[in-house]
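What follows is a short report on a single structure.
Heavy-atom basis, side chains included; hydrogens, waters and symmetry copies ignored. Throughout, a chain's letter reflects where its sequence line sits, starting with A, and its residues are numbered from 1.
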Number of protein chains: 2
Amino acid sequence: MVTKQFGDSPEEADLRRADSLAREIFSDIANKWALLIIEALGERTLRFSELRDEVEGVSHKMLTQNLRMLERNGMVERTVHPTVPPRVEYTLTEPGRALRKAVDVMCDWTHRYLGHIETARSRFDS
Amino acid sequence: MVTKQFGDSPEEADLRRADSLAREIFSDIANKWALLIIEALGERTLRFSELRDEVEGVSHKMLTQNLRMLERNGMVERTVHPTVPPRVEYTLTEPGRALRKAVDVMCDWTHRYLGHIETARSRFDS
DNA sequence: CGGTATCCTAGCCGATACTG
DNA sequence: CAGTATCGGCTAGGATACCG
């Protein structure tokens, strides 16, 4: 992940392209709301409004914005049911479910080390 | 990770506290620079200036800021060698190395699905 | 209900300069 | 070399209002 240095020969041009794409994607997903949305979806299919309730604290705007981004990157699938009122459902795709594994590890980590962190903090803050 | 709902009995007070702490920590680490720094450190010990070269694109300010945060949360250890010029080294702690595993999974994911994502994007952008 | 657009503000973050 | 402080632009992101 850490960035490599490329020369300027033609063959290295698309290595550099792939690398910058990787960094771009990493920036996309290394964000609080994106990760929480992915975690909230899990194995379920959820409507927009269900997601908004599930991911506490997320605003309407941030939710749509991140969902668009996740859809664009092929991590979630969006299905619109043409009813009134409209019903829009979101599901993780296969890549999305793979990413979710990583998010799970992060969540587990957070809970596992809560104690460590709390004591580390009070030591630091003094 | 997804937030739970608590009542307002006393016993539930520290459940709520733990939950909010977990969310706070999650917000801390779900950020581009923090994750890239952790990944850059890996199993190595690096000086400040080495880190700045290693984590491409990071500014002086963001680097110090994130390093403080990571130190405060007990994820990295900071050792100052009292020489002139000063020499400051950073290493992952045990919790930090555990977190790194999660970051590794994310990095692997990014590279593994680069192709998927690229095609998903061009489909979406049309 | 879900999405888009518009405004408006807090704070992120880069640039710069200064200490030990 | 590493860290802190300050200034300023800019954008992330909340609130609100309005469409299909």
For a quick test of reading the model, state the closest non-hydrogen atom pair linking B:Arg44 to B:Thr91 and the distance between them. O-CG2, 4.2 Å
Are A:Asp104 and A:Arg100 ion-paired here, with the side-chain N under 4.0 Å from a carboxylate O? yes
What is the distance from CG of B:Leu51 to C1' of D:dG3, rounded to the nearest Å? 15 Å
I'd like a table of atom pairs between the protein and nucleotides 14-17 of chain C - only N or O on both sides, under 3.5 Å - with the distance next to each one.
| residue | atom | partner | partner atom | Å |
| --- | --- | --- | --- | --- |
| C:dG14 | OP2 | B:Ser59 | OG | 2.4 |
| C:dG14 | O6 | B:Lys61 | NZ | 2.4 |

note: A:Arg52, atom CZ; C:dG2, atom C1'; distance rounded to Å ~ 9 Å
From NZ of A:Lys32 across to C1' of D:dG13 the rounded distance in Å is 12 Å
Return the minimal non-hydrogen interatomic distance between B:Val76 and B:Thr93, and the atom names on each side. C-CG2, 3.8 Å
Verify the contact: side-chain N or O of A:Thr83 to OP1 or OP2 of C:dC1, cut-off strictly under 4.0 Å; return yes or no. no
From CG of B:Asn66 across to P of D:dT4 the rounded distance in Å is 14 Å
Just the rounded figure in Å: distance from C1' of C:dC12 to CG of A:Asn31. 15 Å
Is there a side-chain polar atom (N or O) of B:Tyr90 under 4.0 Å from OP1 or OP2 of D:dC1? no
Can you name the nearest heavy-atom pair linking A:Met69 to A:Ala34, along with the distance? CE-CB, 3.9 Å
Among C:dC1, D:dT4, C:dT4, which is the nearest nucleotide to the side chain of B:Thr64? D:dT4
If every non-hydrogen atom of B:Arg47 is compared with every non-hydrogen atom of B:Pro86, which pair is closest and at what distance? NH2-O, 3.6 Å
Measure from CG on B:Leu63 to P on D:dG3 and round the result to the nearest Å. 8 Å
May I ask you to say what B:Arg78 touches in the nucleic acid, namely base, sugar-phosphate or nothing, with a heavy-atom cut-off under 4.0 Å? sugar-phosphate
Among A:Leu99, A:Ile25, A:Asp28, find the one that has a side chain to side chain contact (heavy atoms under 4.5 Å, CB included) with B:Thr110. A:Ile25
Specify the separation, in whole Å, of atom CD of B:Gln65 and atom P of C:dG11. 13 Å
Among the nucleotides D:dC1, D:dG20, D:dG3, whichever has the atom closest to the side chain of B:Phe48 is D:dG3
Using the rule given for ring-ring contact (aromatic ring centres under 6.0 Å, His included), can you reason through A:Phe48 versus A:His60, listing the C-alpha separation, both sets of side-chain angles and the distance that settles it, and then say yes or no? CA-CA 9 Å; A:Phe48 182 87; A:His60 189 96; 5.2 Å; yes
Look up atom CD in B:Glu77 and atom CD in B:Glu94, then write down how far apart they are to the nearest 0.5 Å. 12.5 Å
Where is the tightest heavy-atom contact between B:Glu56 and A:Arg23, given as atom of each residue plus distance? O-NH2, 2.8 Å
Contact class for A:Arg68 (heavy atom, under 4.0 Å): base, sugar-phosphate, or nothing? sugar-phosphate
Where A:Arg78 and A:Tyr90 come nearest, the two heavy atoms and their spacing: NE-OH, 3.4 Å
Given atom CG of A:Asp53 and atom C1' of C:dG2, what is their separation to the nearest angstrom? 14 Å
What's the closest nucleotide to the side chain of A:Arg47 if the choices are C:dC1, D:dG3, C:dG3? C:dC1
Degree of bending, the helix from C:dC1-D:dG20 to C:dG20-D:dC1 (end axes from five pairs; round to 10°): 40°
